[in-house]
Amino acid sequence: MTRTLEPPPRATSPPVTTRTRKRRLGLGKPIPFGRVLGPLLLIGLWSAASATGLLDPRILSAPWTVVEAGVRLTEDGTLPDSIATSLSRAAIGFLVGASVGTSLAVAAGLSRIGEALIDGSVQVKRAIPTLGLIPLLILWLGIGEAFKIVVIALGVAVTLYIQTYSSLTGIDSRYVELAEVVGLNRRQFVRKVVFPGALPGFFVGLRLGVTGSWLALVVLEQINATSGIGYLMFQAQNYGQTEVILVGLVVYGLFGFVSDALLRVLERRVLSWRRTLAG
Amino acid sequence: MASNARGLRVANLVRRFGDRAVLDGLDLDIAPGEFVALLGRSGSGKSTLLRAIAGLDYDVTGTGELDVPDRVSVAFQDSRLLPWLRVLDNVVLGVGGSDAREHGRQALAEVGLEGRERAWPSELSGGEQQRVALARCLVRDPEVLLADEPFGSLDALTRIRMHGLLRELCARHRPAVLLVTHDVDEAVELADRVVVLEDGRIRLDVAVTLPAPRSHRDPGFQSYRDQLLLALGITEGATP
Ligand SMILES: Nc1ncnc2c1ncn2[C@@H]1O[C@H](COP(=O)(O)OP(=O)(O)O)[C@@H](O)[C@H]1O
Ligand SMILES: [Mg+2]
């Protein structure tokens, strides 16, 4: 046995056997803050390229120029105002879309009439990219806030509908059998089996929906807007201010990252019964 | 215990998938408190019979008489716990009344899982999950307990423990039991009566009269086993 080859433990050391743990098929322990390592490395390369003059500031400003621009825009209030405008568009659009999509999915997933009325229509809508509806929606709604919110909401609603509906209708038939054996009534069945079983799919929908809402926001604010982050970037493009464009991109990126992280936390709490490889 | 416990009566049961009769005029009676093991080759219709008794047969046509009491519990081969409900909530799933949870706790204690009420099913071993499933059967105070190879997915040691537990629980609660198994030893060890399903009917119906602690080495045990193996068409019969 290899253990006999180890030096005898000193009196002060705790009586713990330190054996290297066997590698599992999972990914192993996550590296602390591992997710930020890649981005940090990229920023390092970028800084080096800027400092050595390898990178023309007209192509891409140096990181510190971007930070300065961010500070300046924050101090004169432009950036906070733009963020507030963009955030509220995305948030309202997302909330409206998520509510509508989920309600439709529940209606279609739990009743045959709902399914007949709703599912076909949504599947047709699904085939048309939401952004392709923009010309029609501009004719109907003008280019005000309502238009932007509707475009965002439409995309989110379809995403949530598809994910939620398919997980509501795709519950394991073994669980249906169990529900019959233990004599659940329809309401108990929906509450104890169908809804909890559909939650993972619902969360997939939420996360895809959030991503989709940022995507729609970026597109909308660059086509026709007079406020918001996208507008800020559009203006900067006219004046060749790459640092402002980068500030805008960083803000968009942060939006996306933070919203996804929040959803992950929520998902982990709500679905605490799941133990997956990702841990 | 329920005073007017009823047994189970199946008469002239026919079940067909397409034009193939899987059960073809099957008769089976189980008295209250009687433990019957059902043997049969794979595909002989054991699960079909169980599902018919449990009222779970939809895409199947058939006729026949089924006299089944109201309180029927079913144990599946997989424990079939809902992963998103904690152990106690799984046990009392569908049980009404204010004292349901208290009964659930008692049932968990009976299967030796006191204190695990708030665990998630995924935190339990296979044997423990199957015990939770047993507790879920018990808490309904069943007049009939139907079990479809409930130990089929367990390892040998766990299975031996589960045999003891099942025998003890059945002796205490006295439901009529129909246990589907492919394991002849399991059948002889646990059952008051062993029936063999073949060609859609009960071909062999043997009362097992061995005294209580049944040992595989007992010659009586072996003769039951040989008889049943023969009925199942396994001719090398004699064991080394
Ligand atoms: N839903 C079904 N549709 C068609 N055939 C089925 C269905 N369920 C079972 N069968 C057939 O009925 C026969 C008996 O099945 P089953 O009762 O599951 O056998 P076992 O004795 O192994 O439990 C098998 O031949 C099987 O293929
Ligand atoms: Mg079977």
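The sequence lines fix the lettering, A, B, ..., with proteins before strands; numbering per chain opens at 1.
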Please check if the number of heavy atoms outside [X] that lie under 6.0 Å from its [atom1] is greater than 12.
X: A:Leu40; atom1: CG; result: yes
X: A:Arg126; atom1: CZ; result: no
X: B:Glu123; atom1: CD; result: yes

Under a 4.5 Å cut-off applied to non-hydrogen side-chain atoms, are [X] and [Y] in contact?
X: A:Val181; Y: B:Leu146; value: no
X: A:Trp273; Y: B:Pro121; value: no
X: B:Leu81; Y: A:Leu178; value: no

What residue in B:Cys137, B:Ser122, B:Gly94 has the most heavy-atom pairs under 4.5 Å with chain A?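 Top count of heavy-atom pairs under 4.5 Å with chain A: B:Ser122.
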When B:Leu85, B:Val72, B:Leu82 are compared by non-hydrogen pairs under 4.5 Å with chain A, the top option: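 Top option by heavy-atom pairs under 4.5 Å: B:Leu82.
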Are the side chain of B:Trp84 and the backbone N or O of A:Lys192 linked by a donor-acceptor pair below 3.5 Å?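 Yes.
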Run B:Phe76 and A:Glu177 through side chain to side chain contact (heavy atoms under 4.5 Å, CB included) and show every step you take. CA-CA 10 Å; B:Phe76 302 92; A:Glu177 204 173 81; 3.2 Å; yes
Considering only heavy atoms, which portion of [X] lies under 4.5 Å from any heavy atom of chain A: side chain, backbone, both, or neither?
X: B:Leu56; value: side chain
X: B:Asp78; value: side chain
X: B:Arg80; value: both
X: B:Arg51; value: side chain

